[in-house]
Protein chains: 2
Amino acid sequence: MTIKHEKAIETLRLKGHRLTPQRLIVLSIIASGDGASGDGHMGVDEVFQAAKKAYPYMDIATVYRTLHLFKDLGVVTEVAIGDRLHFELTDPNGRHHHMVCRVCNGAFNLSPHYLAEFRDTLNKEFGFEPDLEHFAVSGVCAECQESSQEQQIQD
Amino acid sequence: MTIKHEKAIETLRLKGHRLTPQRLIVLSIIASGDGASGDGHMGVDEVFQAAKKAYPYMDIATVYRTLHLFKDLGVVTEVAIGDRLHFELTDPNGRHHHMVCRVCNGAFNLSPHYLAEFRDTLNKEFGFEPDLEHFAVSGVCAECQESSQEQQIQD
DNA sequence: TAAGTTTCCGCAAACGTTTGCAATAACTTT
DNA sequence: AAAGTTATTGCAAACGTTTGCGGAAACTTA
Ligand SMILES: [Mn+2]
Ligand SMILES: [Mn+2]
Ligand SMILES: [Zn+2]
Ligand SMILES: [Zn+2]
């Protein structure tokens, strides 16, 4: 049980939400970060399947509701990867955004400092306050650009 | 019939796609830009309802397939507004990104120049090539920030 | 610990969007 | 103009996600 994990439970209680077995199970699955991608981001179905092992009556609607609650509380971070939702436990000491590759669906962390100037500009020029907590930019990662170049040479 | 609209038809023909009535209808609806939002971006259902008036057998799957084809050809630009897809005819002389307000669902145009530096940084630091054609940043617009401030004062 | 209050859950149905499939229609060739 | 080729369509079913509802469980109070 990590400190992040304990703080998350404390946040739930402090904001007056009930500590149901379903919520604790989903939280510990996300906290384990033990998803197929290996980068700590877990797909909704991965969470659901793992949750059913711990508690067979678990419903997919409960998983979604729980993840959205955690997102609203800032306990988890949502990342859209290849048009499916993924989640990771928020690390207050390691906040980051994401670059998502549309070819391999890899998600790469991006330090907030790369967006600080962009945020300031939008603020000053337009009075627009961007939601950067769940910011992700999609594109093609370095590795996938290389492999598509090899492909072209072979043609 | 605008020049953008004619060029779009020419693009279809040149790339070997068939000029079906369904495609021409969807294209002219998007080209009209006559959506409820007033900013030229049209929701999928708006397109579908208008298309059914011109051609009653029109199917929603055809609308989606057509819009995605147009997107791949660069003829239309997709903007996700409040987690629904919207589309506008691409203007080669007025390319822009979008700021989308999560409160009022307004979509505000953003000149590419605001993202040029961000793109360069991702390229140089990570070899990541972002897809900026359909880039949209979500947040809260100036107007909605003001009204939520008034709200707080009243409380 | 028992009763009362209110949030939360499982279920089923709905949402917006995508997909497989067999029939049709756009284009090409003759 | 007719026949042949193949992309595109309408339909229905499926996808991932959200929502309404009535019963159940978490917490509060006594
Ligand atoms: Mn991450
Ligand atoms: Mn626009
Ligand atoms: Zn990649
Ligand atoms: Zn707004």
Side-chain angles (χ1 to χ4, degrees), chain A residues 9-27 29 35-36 41-52 54-73 75-76 78-87 100 102 105 134, chain B residues 9-27 35-36 41-73 75-76 78-87 100 102 105 134:
Chain A
I9 294 173
E10 198 50 28
T11 302
L12 271 187
R13 198 194 321 266
L14 250 55
K15 294 273 177 79
H17 299 281
R18 296 184 180 170
L19 295 177
T20 66
Q22 291 91 334
R23 286 175 177 166
L24 296 174
I25 287 167
V26 168
L27 180 61
I29 290 167
H41 310 123
M42 296 188 73
V44 175
D45 197 62
E46 277 180 316
V47 175
F48 179 45
Q49 296 305 329
K52 270 204 297 202
Y55 184 74
Y57 294 112
M58 181 78 65
D59 193 83
I60 186 71
T62 301
V63 172
Y64 277 105
R65 281 191 276 235
T66 303
L67 291 172
H68 289 146
L69 171 66
F70 288 176
K71 176 185 170 185
D72 287 347
L73 296 173
V75 158
V76 304
E78 180 186 295
V79 193
I81 300 185
D83 73 3
R84 298 209 190 155
L85 301 180
H86 285 65
F87 294 86
V100 177
R102 110 175 91 85
N105 279 339
H134 301 100
Chain B
I9 295 175
E10 198 50 28
T11 301
L12 271 187
R13 199 195 319 267
L14 250 55
K15 294 273 177 82
H17 299 283
R18 295 185 181 171
L19 296 177
T20 66
Q22 291 92 335
R23 285 176 178 166
L24 297 175
I25 286 167
V26 168
L27 180 61
H41 310 123
M42 295 187 74
V44 174
D45 197 62
E46 276 181 315
V47 175
F48 178 46
Q49 297 305 329
K52 269 204 295 203
K53 267 176 202 146
Y55 182 73
Y57 293 113
M58 181 77 67
D59 193 83
I60 186 70
T62 300
V63 172
Y64 277 106
R65 281 191 277 234
T66 302
L67 291 172
H68 288 144
L69 171 66
F70 289 176
K71 175 185 170 186
D72 288 346
L73 296 173
V75 158
V76 304
E78 181 186 294
V79 193
I81 300 184
D83 74 2
R84 298 208 193 156
L85 301 181
H86 285 65
F87 294 85
V100 177
R102 111 174 93 82
N105 279 338
H134 301 99

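So you know, we letter chains A, B, ... as the sequences are listed, proteins then strands, and number each from 1.
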Flag the pair B:R84 / B:D45 as yes when at least one side-chain heavy-atom distance between them is below 4.5 Å, and no otherwise. no
For B:H86 and C:dG16, what is the distance between atoms NE2 and C1' respectively, to the nearest whole Å? 12 Å
Roughly how many Å is it from CZ in A:F87 to C1' in D:dG16, rounded to a whole number? 12 Å
Please answer whether the main-chain N or O of B:R18 pairs with a side-chain N or O of B:R23 as donor and acceptor at a distance below 3.5 Å. yes
A:F70 CZ to C:dC8 P, straight-line distance once rounded to whole Å: 11 Å
OH of B:Y57 versus C1' of C:dA25: gap in Å, rounded? 15 Å
Rounded distance in Å - CZ (B:R13) to P (D:dA7): 18 Å
Rounded distance (Å) that lies between atom C1' of C:dA26 and atom CG of B:L24: 12 Å
What is the distance, rounded to the nearest whole Å, between atom CG of B:L12 and atom C1' of C:dA26? 13 Å
Is there a side-chain contact between B:V75 and B:L27 in this structure, where contact means two heavy atoms from C-beta onward sitting under 4.5 Å apart? yes
Side-chain contact, heavy-atom cut-off 4.5 Å: A:I25 with A:T66? no
With a 4.0 Å cut-off on heavy atoms, is B:F48 in touch with a base, just the backbone sugar-phosphate, or nothing at all? nothing
Treating primed atoms plus P, OP1 and OP2 as sugar-phosphate and everything else as base, which nucleotides of nucleotides 18-29 of chain D get B, S or - for protein heavy atoms under 4.0 Å? BBB----BBS--
Any side-chain heavy atom of B:V44 within less than 4.5 Å of one from B:I60? yes
Provide, to the nearest angstrom, the distance between the CD atom belonging to A:E46 and the C1' atom belonging to D:dG16. 15 Å
So, does B:E46 use its side chain to make a donor-acceptor pair with the main chain of B:A36 at under 3.5 Å? yes
